[in-house]
Amino acid sequence: MSLANGRTHLAIPGPSIMPDAVLQAMHRAAPNIYEGDIVTLVEGLIPDLRKVARTEHAATIYIGNGHAVWEASLVNVINPGDKVLVAATGRFGHGWAGQAAGVGADVQVLDFGLKAPLDAQKIEDALRADTNHEIKAVLVNHVDTATSILNDVPSVRAAIDAAGHPALLMADCIASMACDRFEMDAWGVDIAITGSQKGLMVPPGLGFVFFGPKAKEAREKVERVSLYWDWKPRSEPAYVAEYFGGTSPTHHLFGLRAALDIMHGEGMENVWARHDSLARALWAACDAWGQGGPLTMNVADPAHRSRAVTALSLGGDKGERLRKWCAEEAGLTLGIGLGMAPRGSAEAAGFFRIGHMGHLNAHVMLGTLGTIEAGLTALDIPHGAGALSAAAKVIAAG
Ligand SMILES: *Cc1c(COP(=O)(O)O)cnc(C)c1O
C-alpha cells in the first residue's frame, strides 16, 4: 500500500522547498507597477541581496532562470571572439561553456572530470601561457550541481593574481548561494550569479547577477549589449521599470522579500552552519549505508562536497528504482543523476541526487533519510546498518 498521501517533499537540487511565508506573500492582488509600494519594495531588496552574496557592489535582478544569468553575465563583459577559460567539474561547467560559445566567445575548457574539484595550478598555468592576455574571464562553478563538487573559489583568485593576469573571475553560485559559504568581495570574485529557486527559496523565475568594479569597467569595453540584457540600467535605474527591462516580476518580488526576511532573520552565518550540519548528517548516513552495500557518494573527500546537493551512485538500475519507490510509496522526490552517464543509457539509471538547499531543517532531513532507508529495504538493495542513528548523532550535536 502506498503511504505517499500527505505533504510531498521535493529533494531535488532545485526548485527547493518554498517556505509558507513565501507562498503567502505571493498570494495577493496585483500591485501598481509604476509607483507606490513596489518602488520601496524593490529598493529594499537590493541591499538585502548584496548581503546574501556578501558584496558591497552591484546587484541586478533578471526575469529568467539560471541559464538567463549565465548569458547575462557573459554578454556584459565578453565581445564575440574574446577568449574565456572555463574550469569544468561536471555538466554545469560544460553548460556555461556552451552558453559562452553561443554568445560568440572563444572557449577553452579545462576539464577536471566528474570526481575531483578544479586544480587552481592548471588555471594559473593556462593564464601564464596566455602572454597576450587574450583570456577575458575565468568561469568557475562554485558548486557543480551534477557532480556535487564544491570548488575552492579563492584558490582561483590566487591563481589569477599569481599569474599577474587581468582576467575577470566569474562564479556560478546558482546551486550554492545561501547553502555553501560564499563571500564575493572577500574572495575577489568579479561577477557572481544565482537564481531564485535554490538557496533563495523562491519559485523559479528570477536570476541575479552581482558585479564588482572591474566587471563594471569591462562592460565599458564591450561594443554592444542588447538592451534587455544590459546590466547598466538595471544597476542604475532611473525609474522602477529599468530594474527589470519592463514590467516587474511582481509576485516573485513579494516572495523574495519574504525569503530575504527569513534568511537575514536567521543570519547568513547561521544559514551556512545549518546547511553544514544537515549535510554532515546526510553524509554520515551515506557512509553507513555504503558499509554494507553499493551506495557511494560521488565526492569522496568531504572537503570537496557541497552542502546544497549530494550526487550518489547505486549502480545497475537501482538509482531509478529507489527514486520511483520513494516518490510513489512515500511522497519523496529525489533528483535524477545528471551528466554522470549518457542520458537514457542503462548506466544512467544507477545514479541519483539529493537536493538539500534552502528551507530545510533537521526533521525534513531525517525524514528524507528515513524514507531512503525504507526504500533500500523495500527494494532489497543491500545497505549497511546504523545510518539513521549516525545521522541523528550529527543532528544531536548541532
Ligand atoms: C540550476 C543550475 C543552473 C541552471 O539553472 P536553471 O534555472 O535550471 O536555468 C546553472 N548552474 C548551476 C550550478 C545550477 O545549479
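Start at 1 and go down the list; that is how both ligands and their atoms are numbered. A quick note: this is a predicted structure, and the numbers were derived from the prediction, not measured.
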Distance under 4.0 Å, heavy atoms only, partner ligand 1: which residues pass?
N65, G66, H67, W70, F92, V143, T145, D172, I174, A175, Q197, K198
Just jot down the salt bridge (Lys or Arg N to Asp or Glu O under 4.0 Å) partners of E43, sequence neighbours excluded, or say none.
none
Sub-3.5 Å donor-acceptor pair from the side chain of N32 to the main-chain atoms of Y34, do we have one?
yes
Set of side chain to side chain donor-acceptor pair (under 3.5 Å) partners for S73, sequence neighbours left out
none
Can a donor-acceptor pair be found, under 3.5 Å and without considering hydrogens, that links the side chain of R353 to the backbone of I336?
yes
Do the ring centers of H67 and W70 come within less than 6.0 Å of each other?
yes
Through direct or indirect side-chain contacts below 4.5 angstrom among Ile, Leu, Val, Met, Phe, Trp and Tyr, which residues connect to Y239?
none
